[in-house]
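In each ligand, atom 1 is the first atom listed, and ligand 1 is the first ligand listed. Being a predicted model, the structure only gives us computed values, none of them experimental.
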Amino acid sequence: MEDKALHILNNTFGYSAFRQNQKDIIEQLINGNDAVVLMPTGGGKSLCYQIPAMAREGVGIIISPLIALMQDQVTALEQLGVKAAFLNSTLDAASAGEIEHRLLHGDLDLLYVAPERLMTDRFLNLLENTPIALFAIDEAHCVSQWGHDFRPEYIQLSILHERFPNIPRIALTATADEATRREIIQRLALENAELFVSGFDRPNICYRIAQNQGNAKDQLLRFILNEHENDAGIVYCLSRKKVEQTADWLCKKGLKALPYHAGLSAQIRQQHQHRFLTEDSVIIVATIAFGMGIDKPDVRFVAHLNLPKSIEAYYQETGRAGRDGLPSNAWMMYGLQDVIMLKQMMQTSEADDAHKRVEHHKLESMLGFTEITTCRRQALLKYFDDHLEQPCGNCDTCLIPVETWDATVVAQKALSCVYKTKQRFGVNYLIDVLLGKDMARIKQFGHDQISVYGIGKELDANQWRSIYRQLIARNLLSVDIEGHGNLRLTEQCRPVLRGDVSLQLRKENKQSKSANRGRKSFNSVKDADKALWEALRTCRKTLADQADVPPYVIFHDATLMEMLERQPQTHDQFSKMTGVGEKKLEAYANQFLEVIKQHIKSSTNPTSSSETIEETLLLLRSGMNANEIATHRNLKITTIFNHLAQCIEMGELELQQAVDLSEQEIKTIQNAFLSFSDEDRKLKPVYEAFEGAFDYGLLQCVRASVDIPM
Ligand code: ADP
Ligand code: ZN
């Protein structure tokens, strides 16, 4: 049995070894037992049910709340030659009928269904008459009433256990906390299931959090241009308005940014999501409405322009980066305004007391997380009861250790200012008083007469803002409930005011260096390899367009990287690449091997043209035409034809491959060169002879194919 699983892993999926717990989980199911699986995003949960469903007799039923994801998964499985289908509300009656027919005739290995469809009597009866390999309950945390993804239909899923007691079940989630875990087990009647908990670390994600110093958008742009040019990414904002503004602004700066929020029509949302999945280097700017059910493996960065509401949300949202395991960035900007807003949200929440306590605790944890001065990853994992021995070396506080300073005296000034102005003002006013600003409003209240007026001139307004932010985050100050942003003293501030304890605060980097100095992400392919990398990507895009699937369904970036490194030259070598199974070997090996062959040929041939010509040639071979190459490389079309003509002249390229002309046209033009043109084979006379019907670029290529007289 175990061999069978490994065989499927190797031959169908093209992977050489199981990860973490995969093998044990698969074995558990193949042997007919239940499993509860907690594994981080990108950990490889899908294989845990896909392989046993294929290895066991009958069809595997996968219950998922994410309709968009079903389509993706099925498309990807079909590419691997697996018999998979989905049933949900997006199908018309005829298509649904056809799938039911396949189900009853044993023509499916895997069937994805939405929970409400599964629960219908009709469907349950259908299942009674079908051999079933297993039930997989994906996103199992949706049973939790505490969670933000609660789905009432999930509660009813315990019925599976009652009606099909002998069919193994597996529940999977990436949500980590203990309470959710208990709820899943209890509500789904999985008391006898074995629990598999994988570590929650996502080592390929670099966590970075920086202070917003009033120029968040600029910092975001710099981050993207420096580290993620041409990469796909997600930018999260809190409000629809900010989503629109940010997307607009990024577009104006020349990036392909698309907005996504609940205020847009379903059609537009669908369209933007589709472009994100199928095109290269699209950035989605979204409210949190975007992400659930986005399974794109090569999202290289997730940026937050606002604080998420909890560490769970932060972990889940940042977790959408780098599912493929390649280096990725989780980048966040936050400031005083965020802290104030979150504090107010906490107080004005309309939830009942129990919920409120939970929310409160979550927000506090999130605030604490942003302000810590030690390793982010250690803190993040600790929150999920996971453990990391050493600081990670791949987060902002590890990369640029935070300096702290004894801020007791300035904190006392900041707190006194709140007290002396009767706890009735917001941060900006308080700072004006501390700085001793000459303002009518201050005079009107008589605050130019109090002892704190002008005692804070040793710091500037931004530094004071940072101090107030940290005091609020640490609960030494609270924010008013009415929403005016007035600050009040809390019990906790007394020892500081009295000078009984000293207070260490973060020293802010002026330029917020940490925001802009992460690890260079993997898009920094070595220059020498760039041409091949681009050619491989173009080849993949062409194949993806032909098959009408997203590029990553053809091959992941990781597989392309491997091609770049190992440059396979035979089918046998190609079959050893990660992610190349039997089906994909057969379907795609030739195209990629050809691209690699051309690359090797032109880079080892001493008489070969320069690198830039080689790049043009590679792009042409991977399916682009001259115009597309010019756009892609941002070169003039004449330059591209120049390259092509040189290739033709050197015998590296057939004329027919370079230009879109019929045999007849080629003949005619060639003859024209031989008869009208002078010995130098000038282009102009021929151009004029055809009255401009053929561009100079085309003529240049044809000329290159005309034998030069000795
Ligand atoms: P999850 O559902 O846990 O977020 P997926 O099942 O989508 O994760 O897997 C994440 C990525 O890892 C996918 O691209 C998958 O193909 C890949 N993967 C899973 N298991 C393995 C393995 N054993 N070897 C190599 N790649 C794997
Ligand atoms: Zn760290």
Side-chain angles (χ1 to χ4, degrees), residues 5-6 8-10 12-26 37-51 62 64 66 69-70 72-73 76-77 79-80 82 136 138-141 170 172-176 196 198-209 291-299 315-316 319-326 328 330 369 372-382 388-402 514 518-519 550-560 562 577-581 584:
L6 190 61
I8 297 174
L9 182 77
N10 296 156
T12 303
F13 291 92
Y15 297 142
S16 52
F18 286 113
R19 283 184 186 161
Q20 300 197 35
N21 291 330
Q22 279 177 335
K23 180 166 164 284
D24 295 340
I25 298 165
I26 290 168
V37 172
L38 278 73
M39 208 185 260
T41 308
K45 284 186 285 299
S46 329
L47 288 188
C48 296
Y49 55 79
Q50 287 167 346
I51 290 182
I62 322 304
S64 165
L66 307 172
L69 205 74
M70 291 184 189
D72 289 357
Q73 293 241 2
L77 286 165
Q79 281 286 316
L80 299 170
V82 179
D138 207 2
E139 313 290 343
H141 60 277
I170 172 173
L172 311 103
T173 179
T175 301
F196 297 89
S198 304
F200 276 83
D201 192 12
R202 301 284 312 279
N204 60 314
I205 298 181
C206 176
Y207 296 101
R208 289 148 67 186
I209 301 181
M292 253 287 239
I294 298 300
D295 218 352
K296 189 174 163 60
D298 54 357
V299 176
Y315 179 78
Q316 196 178 46
R320 288 169 188 143
R323 274 168 178 261
D324 55 11
L326 296 174
S328 306
F369 178 69
I372 55 163
T373 52
T374 51
C375 174
R376 302 259 187 224
R377 191 179 314 272
Q378 282 182 317
L380 195 58
L381 292 176
K382 184 156 166 251
L388 185 68
E389 205 63 55
Q390 296 291 328
C392 74
N394 193 27
C395 71
D396 60 344
T397 51
C398 281
L399 290 167
I400 304 177
V402 184
S514 47
R519 223 165 49 176
Y552 59 78
V553 170
I554 305 291
F555 287 124
H556 279 186
D557 281 357
T559 307
L560 257 52
E562 231 178 294
M577 301 286 115
T578 305
V580 179
K584 288 190 177 175

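- Atom 5 (P) of ligand 1 has its closest protein heavy atom at S46 OG, 3.6 Å.
- At a 3.5 angstrom cut-off on N or O pairs, G42 counts as close to ligand 1.
- Nearest-residue assignment for atom 24 (N) of ligand 1 (options F18, Y552, Y15; heavy-atom criterion): Y15.
- Under the 3.5 Å distance criterion, the side-chain polar atoms of K584 are left unmatched by any main-chain donor or acceptor of Q79.
- Of the listed residues (L47, N10, V580), just one forms a side chain to side chain contact (heavy atoms under 4.5 Å, CB included) with Y15, and that residue is L47.
- Partner Y207 forms a side chain to side chain contact (heavy atoms under 4.5 Å, CB included) with one of C392, C398, C395 and no other, that one being C395.
- In the candidate list H556, R19, R323, R19 is nearest to atom 17 (C) of ligand 1, counting heavy atoms.
- Inter-residue side-chain proximity for D138 and Y49 is flagged as met; some heavy-atom pair is nearer than 4.5 Å.
- Annotation: cation-pi geometry satisfied between R376 and F369 (NZ/CZ under 6.0 angstrom from ring centroid, within 45° of ring axis).
- The main-chain N or O of L388 is never found under 3.5 Å from a side-chain atom of R377 such that the two would form a donor-acceptor pair.
- Residue-level proximity to ligand 1 for Q22 is carried by the side chain, the only part with a heavy atom below 4.0 angstrom.
- Remark: distances from the non-hydrogen atoms of D324 to ligand 1 are all 4.0 Å or more.
- Here's the thing with A17: one of its N/O atoms is less than 3.5 angstrom from an N/O atom of ligand 1.
- Put simply, no part of P297 is less than 4.0 Å from ligand 1, judged by heavy atoms.
- Under a 4.0 Å heavy-atom criterion, P40 is in contact with ligand 1.
- Atom CG of residue D324 and atom CG of residue L560 lie 11.0 Å apart, to the nearest 0.5 angstrom.
- Among all protein heavy atoms, the one lying closest to atom 8 (O) of ligand 1 is G44 N, 3.2 Å.
- Considering backbone and side-chain N/O of T41, none are found under 3.5 Å from N/O of ligand 1.
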